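For reference, the structure discussed in these notes is given below.
All figures in this text were calculated on a predicted structure; none of them were measured in a lab. Read the numbers this way: they start at 1 and go in the same order the structure lists the ligands and their atoms. All values below come from the heavy atoms of this structure, side chains included, with hydrogens, waters and symmetry mates left out. Position 1 is the first residue of the sequence; numbering continues from there.
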Amino acid sequence: MPFVALHALLALAAPLLQDQVVPPPPRLPLPRPAANAPVADFNQNRVPGGRLAKGVLTLALDVVEAGYRPEGPDDPVVRILALAEPGKTPQVPGPLLRAPVGTTVRLTLSNRSDSALVFNGFRQSLRSDDDTLQLAAHATRELTFRLDAVGSHAYWGMLKGGTTAGDRGWLDSQLQGAFVVDPAGTDPAKATDRIFLISEWFHEYPDRAFESALVFNGKAWPHNDRITLPQGDSVHWRFINLAGVEHPLHLHGFYFRVTRRGDLHGDSAVSTSAQFLQNVQMLPIGETVSIAWVPTTPGNWVFHCHFASHVGSAVTLKGSPDPYTVKLAADAMSMSHDAHDSPGRHDMHGLVLGLHVTPSPSSHAPPAAERRTIRLVALKRPNSLQGYQTAYGYALQKGDSLPSPNDMKVPGPVLELQRGKPVRILVKNATDEYTGVHWHGLEIESFPDGVPNFSGDGAHIFPPIAPGDSFAAEFTPPRSGTFPYHSHLNELRQIGSGMYGAIVITDGPRDTTRDHVIVGGGGGLPMFDKFGPAFALVNGRRVARPIHMTVGDTNRLRIVSIHSDETLRFRLADDSTVAHGTPIARDGADLPVALQKPGLAEIEMGPGQTADFLYVPQHAGELKLEVWVTPAGTRVLQPFIVDERKPKGGG
Ligand SMILES: [Cu+2]
């Protein structure tokens, strides 16, 4: 399945790729559509298909051979099976099926292709188990079913022989559509929510090569439509993941709440008391999620998958196909020189939505302010990750002279900010390539948000920071909490090699004897990992420097998950038992009191997520926070030493 087995494959290629120039990739043919095949249109999932009258939705869907161009008009066209209403251009994703609960659907499904297919999702009752529909080549089936469960659903077809939606490869990868059942009395044509279906066109070749395009509603960044949102207007979005990979979905600049969750058998509302503020949501394979948020600040913002490889050159058909190892190496090492060659563009592809929030009449720019200046320097140090990879990272500049690469830290220094106190973070790029820094989760203005060539508004756009240049990110942190900061350019290489750190925002002084920052991140590029599949570092090491705590003290653990391309698992335990802690914040925002319930101090977090726990050690001894990538993966350790309370006045 896409990406799942990749790291294992990549480990095999490691000796070839270590800091060497990779030869030009051999060209491999993409599966092309027949010359007379129609090229599919993109479906924004705004207009329901079929005809709804008197409680009956009549819909006909044809499966046809089609061309699919997930990127720009000059980029490759590939072959797919697509869905079309009879006589209309096929669509990716397929026509939206949307009607109020209680509607009867009369569906005519015609397979005009030469492939035998199996369809899922058209069930007699939406609450029932899988109810598959066999559709032989050139066969037509009529079916009638009732929409008896409100929520987000999906229908999908696959070549006969597949078993799950995530099993599909390239030919059947776009054979699907969103399926939304509204509350009774709702007019689906007037719905204001947006529906985003995630899919992946994925083609494997021998010799560890593949081609992939990962898309929201059929089309990849930067070729998809920008979404305009009026400042202050509530936004409701549904996501349906029919790709064969999970995604940590991240919203810049704002928090959202998850209002519904589910899978391909239906979803259910998340009670208001269980909702909390988030800026990242993991979306597993075959699951759905609805989010609600309010764009309160004008300007450009991105919503994207936080796995670097899902927004990098591995998921574009442009300049392809290449063996995967070469493509990832190009991202990961300085071999593609993408950022050098074309500084006018940013290098994101795939799962990115570009948002533009238009100002409300009462909107005003933040006033000029006296600002404290922090000097953050981006640096590179060769041969210092695992002994041979170039480490990328940051150091603080204290006096007049620039820090040297030897001052560089992985993770970067903790940026200690005060809530409500204006700050200027002067980022100096002392590396030989472009970069940009994102203050992940901070509700600040668009311009300093740090997405090169995108953050900002109108002509006032944040440029990538050229080698030797500086950028002043000016903002006033509105909320105290724990956040990551990280590069937002060539993320696989830059974040993966150490360009990440923690921001701690407080209301007053922070007692670092009881308030501890633990950053889980990458320690180099996975395919160069001599030690097996992808692994993490915790506070920059496989075994971090021990942190001391005292029996009976309430300690705050601020845990940051910021691996470039992996979900991390964290667990606080002694030799035999998982510790108990109290979760108090997620993604930098305090949890509602009702959710601050003591429980096991363990959590799984995708890139960009943070979690704060309170922990009170009951007896002296040793504990460790274990961090690992895959269930069987190597665990890296942050040790804790719990000391007896010293008698008052004693030595
Ligand atoms: Cu993703």
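- A ring-centre distance under 6.0 Å is not found for His306 and His438.
- Looking at every heavy atom in both residues, Pro484 comes nearest to Thr610 through CD-CG2, 3.8 Å.
- Relative orientation of the Phe239 and Phe303 rings is parallel, given thresholds of 30° and 60° on the angle between their planes.
- Partner Gln174 forms a side-chain contact (heavy atoms from CB on, under 4.5 Å) with one of Leu83, Val78, Ile80 and no other, that one being Ile80.
- Listed by chain and number, the protein atoms of type N/O/S under 2.8 Å from the Cu ion (ligand 1) are His247 ND1, Cys305 SG, His310 ND1; waters are omitted.
- Here the shortest heavy-atom pairing between Asn300 and Phe454 reads ND2-O, 2.9 Å.
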* Kindly determine whether Thr435 and Gln494 satisfy side chain to side chain donor-acceptor pair (under 3.5 Å), including the steps that lead there. => CA-CA 8 Å; Thr435 194; Gln494 294 193 355; 2.7 Å; yes
